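Here is the structure we will look at.
Predicted, not measured: the structure shown is a model, and the values here were computed from it. In what follows, chains carry the letters A, B, and so on, assigned in the order in which the sequence lines appear, proteins first and then strands, with residues in each chain numbered from 1.
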Number of protein chains: 2
Amino acid sequence: MKKKAVVNDTSVCQVRIQAISDTMSVLSGKWKFHIVGTLIEGNKLGFMDLLREVNGIGTKMLSKELQDLEMNQLVSRTVMNTKPITVEYALTEYGKTLSPLIDELAKWGVGYRQSIIDSKSI
Amino acid sequence: MKKKAVVNDTSVCQVRIQAISDTMSVLSGKWKFHIVGTLIEGNKLGFMDLLREVNGIGTKMLSKELQDLEMNQLVSRTVMNTKPITVEYALTEYGKTLSPLIDELAKWGVGYRQSIIDSKSI
DNA sequence: GGAAGTGGTTACCTATAGGAAACCACCTTG
DNA sequence: CAAGGTGGTTTCCTATAGGTAACCACTTCC
């Protein structure tokens with residue numbers, strides 16, 4: 001019996017793999033990270049605000065993605081009692097726990113872009 | 001001139017949004033986080049090892065995703081001079097900078113799963 | 001009354017992500 | 001020489017993600 005080059009079959013590792021799947025399934029698609037990232041910066045935003053801020057998104061996708069995020073308790077939707085009715089989208093307390101993740105995402109992206117620039121100038 | 005409820009038009013913010021896009025474009029698709037996550041655990045792995053470890057992936061996707069990652073300098077591909085030819089995939093030094101990001105991803109996923117369990121048991 | 005701004009939904013279309021399976025080459029073992 | 005293990009590529013197919021545009025309702029402004 002040869003020893004297989006298996007990684008690490010401990011439950012810790014299985015949990016980790018499962019956890020990555022879970023996170024990705026909640027934040028799947030092209031826009032959710034952007035929307036959450038924007039809401040971290042903006043605190044409370046209306047639909048049209050988000051449409052402007054999230055570069056390139058259309059009404060359909062924004063609407064759908066917000067529903068997804070609301071379903072997963074990450075975003076709250078509050079209809080305000082104003083003259084032209086307005087709706088406020090904001091991160092829930094739980095949604096705010098995504099901050100460190102989004103920060104890492106942004107941080108890595110900055111470094112990545114810099115590394116491309118550096119490699120070009122050699 | 002009404003003040004628009006614009007988030008934060010500073011360059012810091014624009015960079016951040018751009019950075020999130022960058023990261024997501026490099027790690028797009030269903031499998032890249034899994035593959036990188038597995039390589040973090042496993043150090044050096046062969047094609048068949050990855051095929052076994054990354055649950056559910058097929059040869060085509062694994063092959064394609066590894067090429068993508070190699071192109072972006074995140075993964076190295078080394079053909080070993082062994083009797084039945086073997087290939088070692090490993091994270092590059094730059095690929096290892098993804099560790100904190102993957103860790104956050106996994107950490108959040110664990111918390112998320114727990115929050116689902118908790119909300120059920122109330 | 002019509003334009004313009006709020007916040008969407010719906011229908012339609014297409015590009016592509018991703019899966020299954022066949023196939024290829026090379027080497028070793030029986 | 002056939003089987004089985006390495007490491008893939010190619011073809012073919014489909015599900016779905018995502019884009020465009022039309023449309024809806026309500027309100028205020030002119």
Heavy atoms under 4.0 Å, any strand shown: does [X] hit a base, just sugar-phosphate, or nothing?
X        : answer
Gly29(A) : sugar-phosphate
Gln67(B) : sugar-phosphate
Thr59(A) : base

Using distance alone, with no hydrogens and no angle criterion, decide if Ser63(A) and Thr59(A) have a side-chain donor and acceptor under 3.5 Å apart.
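No pair is found: no donor N or O on one side chain lies under 3.5 Å from an acceptor on the other.
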Please determine, by modelled atom types, if Tyr94(A) and Asn72(A) share a side-chain donor-acceptor pair under 3.5 angstrom.
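The answer is no; no qualifying pair exists.
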Measure the distance from CE on Met24(B) to P on dA17(D) and round it to the nearest whole Å.
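In whole Å, dA17(D) P lies 14 Å from Met24(B) CE.
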Covered region of DNA chain C, 5' end to 3' end, by chain B [heavy atoms, under 4.0 Å]
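Answer, 5' to 3': dG18(C) to dT28(C).
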I want to confirm an ordering. Mapping Tyr89(B) and Trp31(A) to their closest nucleotides on DNA chain D, which one lands closer to the 5' end?
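Its nearest nucleotide being more 5', the pick is Tyr89(B).
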Please identify each residue that fulfils salt bridge (Lys or Arg N to Asp or Glu O under 4.0 Å) with Arg77(B), with sequence neighbours left out.
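By the salt bridge (Lys or Arg N to Asp or Glu O under 4.0 Å) rule, Arg77(B) matches no residue at all.
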Near Asn81(A) CG, under 6.0 Å, is it more than 12 heavy atoms from other residues, nucleotides or ligands?
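Check fails, neighbour count at 12 or below.
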Quick check: do Asn55(A) and Ile17(B) have side-chain heavy atoms less than 4.5 Å from each other?
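No, too far: nothing below the 4.5 Å cut-off.
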Here DNA chain C, pairs taken as Watson-Crick or G-U under 3.5 Å and shown with ( ), [ ] when crossing and | when to another strand, reads ||||||||||||||||||||||||||||||
